[in-house]
Amino acid sequence: KMAGALMAARPFSFSFNTSDYRILLMDQDQGRLYLGSREYLVALDMHNVNKEPLIIHWPASAKRKGECQMTGKGRQGECANFVRLIEPWNRTHLYTCGTGAYQPICTFINRGWRAEDYLFRLVPGYADSGKGKCSYDPKQESIAVLINGNLYAGVHIDFMSTDATLFRTMGGRTAIRTEQYDSRWLNEPVFVQIQQIPDSAERNDDKLYFFFREKSLDSSGGASPSVLARVGRVCLNDEGGQKSLVNRWTTFLKARLICSVIGEDGVETRFDELRDVFIQPTQDERNPMVYALFTTAGSVFKGSAVCVYSMADIRNVFNGPFAHKHGHNYQWTEYTGKIPYPRPGTCPGGTFTPGIRSSKNFSDEAVNFIRAHPLMIHPVYPIHRRPLVVRTGVDYRFTAMVVDQVDAVDGRYEVLFLGTDRGTVQKVIVLPKDPTSMEELTLEEVEVFRVFKCIFLVSPQQQLYVSSDAGLTQVSLHRCGVYGRACSDCCLARDPYCAWDGESCSAFTPSTKRRSRRQDVKHGDPLRQCRGFNAKETVQFGVEGSSTFLECQPRSPQATIKWLFQREGKRKVVRITVTFLRNMRISISLLPVQQI
Ligand SMILES: *[C@@H]1O[C@H](CO)[C@@H](O)[C@H](O)[C@H]1NC(C)=O
Ligand SMILES: *[C@@H]1O[C@H](CO)[C@@H](O)[C@H](O)[C@H]1NC(C)=O
């Protein structure tokens with residue numbers, strides 16, 4: 001399936017030499033976009049991206065670069081300061097960290113009170129250690145979030161990148177980490193996403209959820225996959241244990257995320273390689289939707305899928321039975337013994353444990369139990385037990401994702417922007433077809449850059465920002481002009497961002513709702529929407545028994561075209577449903593009426 005409008009977007013060009021545009025942060029208050037790359041931090045004006053950006057040059061010192069080279073680490077240019085974290089600190093300052101040529105460093109940025117202050121600079125003379133906040137090796141993925149002055153990071157904490165951990169530093173609370181070199185907790189993890197999600201109105205129950213993939217402990221077994229996708233969580237107010245698990249999480253739990261599809265041949269395709277997670281807020285802050293992007297593990301068969309999980313399902317798994325393993329040669333089984341009180345994973349001082357002030361007051365049994373049983377036995381299944389989007393049998397993989405909610409004439413739609421490893425972004429919408437199945441439509445595909453990884457951000461100005469190793473690009477969410485000027489083309493496109501306004505296909509905003517706006521995302525039926533307008537009708541004459549060319553140039557990949565067969569005054573629909581390539585010519589043999 002090929003999308004219609006393949007158009008190249010132009011990357012921003014900066015006056016300085018950098019690469020690895022990996023960090024993007026939106027500052028809604030100031031209408032700015034912050035970008036972190038190799039040795040540079042940039043503040044762009046989201047209202048006017050052509051305005052000269054504010055730039056901070058933040059290199060590693062020459063001395064440090066020299067020391068880094070001496071260790072033999074700099075062969076691919078890693079002996080530089082790669083910015084890996086930009087987080088809001090307070091009303092006037094941001095906190096930022098970089099790899100510092102294999103010696104992570106952090107500092108504050110003064111961004112001023114208001115955008116008009118036109119301020120963006122490092123706090124002079126200030127530097128923090130970045131250990132446990134950002135990885136040493138720029139090639140290692142890391143995740144981090146600042147919550148109430150505490151920094152929670154999924155990082156490699158050592159120079160050699162052998163010690164991966166979920167680490168808490170800074171602020172008033174004690175530094176806490178996962179149990180070191182315990183493969184039951186984390187086994188060569190790759191961290192993907194981290195976010196606080198409250199579990200109840202009681203703040204002491206607040207938890208941090210993180211998403212990662214890791215090596216399976218059972219990979220020698222053959223049948224089980226070598227990589228597993230995980231959701232994990234800890235309590236924000238965890239202070240570690242008193243006798244055991246001192247300065248270690250006492251509330252760390254994890255569960256497997258399943259994303260698979262059963263083919264028509266009955267063969268299951270599993271997507272285990274978690275690549276990206278997008279958490280879509282809903283009215284209820286406790287129940288955002290979790291969109292997860294997966295690919296198949298291994299290099300032979302290329303497949304990608306997006307699965308959606310509900311927080312209710314994730315919580316049910318964490319409230320369910322624990323996994324138990326007798327020794328290295330045993331399979332995981334359900335733990336059926338007595339579960340200590342408070343139930344492992346419960347936060348101190350929460351709804352069910354009001355009398356326990358700190359995790360240091362957890363019983364020894366509870367602490368020892370979680371140390372050996374951080375894994376839940378049941379996996380989390382996606383909503384409807386199947387992926388929302390699947391791509392198999394194609395020569396590309398998805399690498400990144402963002403989801404936008406769009407209000408259209410006939411309801412609210414979720415549009416997925418999916419980055420591919422061939423350097424394009426696909427804009428995909430999923431529509432309910434009937435109560436049990438969904439229909440997935442690729443609205444368009446935009447060429448961004450030839451890269452393998454990218455990061456997305458959707459701004460309130462309805463721009464999609466794509467950053468990657470190679471650059472930063474901006475793509476408008478609604479590029480309605482690509483669907484042409486005709487009502488029927490606009491309607492067939494089924495793009496919830498676009499509607500036909502009487503003259504052309506243009507951006508649709510619900511606030512300026514006008515009756516004359518024609519849009520039909522659900523059915524894409526131009527016969528109903530565009531009657532009397534410039535609906536496209538082409539008459540083609542054919543002779544029975546012979547063949548003829550029916551030529552058409554659909555503007556959108558959704559143009560499933562109906563040809564009407566007219567004979568003796570009666571019209572009959574010739575059912576031809578094709579996903580058209582742009583400017584494709586098709587040849588159809590006209591069959592006698594009875595056979596149509
Ligand atoms: C924000 O934090 C910085 C760094 O700690 C500090 O210097 C500054 O005064 C703070 N600003 C406000 C408004 O609290
Ligand atoms: C909880 O732990 C603290 C510090 O370890 C200790 O001082 C206190 O007595 C404990 N409280 C209870 C109720 O056990």
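Note that ligands are numbered from 1 as they come in the structure, with each ligand's atoms numbered from 1 the same way. Just so you know, these numbers use all the heavy atoms, side chains as well, and skip hydrogens, waters and symmetry mates. Just so it is clear, the structure is predicted and the values come from calculations on it, not from any experiment.
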Participant: Is the Lys NZ or Arg CZ of R343 less than 6.0 Å from the centre of F352's six-membered ring, within 45° of the axis?
Facilitator: no
Participant: Apply side-chain hydrogen bond (donor to acceptor under 3.5 Å, both in side chains) to the pair D205 and S200, showing each step before the final yes or no.
Facilitator: CA-CA 6 Å; D205 285 328; S200 73; 2.8 Å; yes
Participant: Within 45 degrees of the axis of the six-membered ring of F159 and under 6.0 Å from its centre: does K73 put its NZ or CZ there?
Facilitator: yes
Participant: Kindly say whether the aromatic ring centers of F212 and F210 come within a distance under 6.0 Å.
Facilitator: yes
Participant: In the protein, which heavy atom is nearest to atom 5 (O) of ligand 1, and how far is it?
Facilitator: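 The closest one turns out to be W89 NE1, 3.6 Å.
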Participant: Taking both backbone and side-chain atoms of R91, is any N or O found less than 3.5 Å from an N or O belonging to ligand 1?
Facilitator: no
Participant: Identify which one of I370, T251, N368 satisfies the side-chain contact (heavy atoms from CB on, under 4.5 Å) criterion when paired with F362.
Facilitator: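 Result for side-chain contact (heavy atoms from CB on, under 4.5 Å) with F362: T251.
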Participant: Counting only non-hydrogen atoms of the protein, does one fall under 4.0 Å from atom 9 (O) of ligand 1?
Facilitator: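 So atom 9 (O) of ligand 1 lacks protein heavy-atom neighbours under 4.0 Å.
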Participant: For atom 1 (C) of ligand 1, what is the nearest protein heavy atom, given as residue, atom name and distance?
Facilitator: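 Atom 1 (C) of ligand 1 sits closest to the protein heavy atom N90 ND2, 1.4 Å.
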Participant: Any nitrogen or oxygen of W113 lying under 3.5 Å from a nitrogen or oxygen in ligand 1? Just yes or no.
Facilitator: no
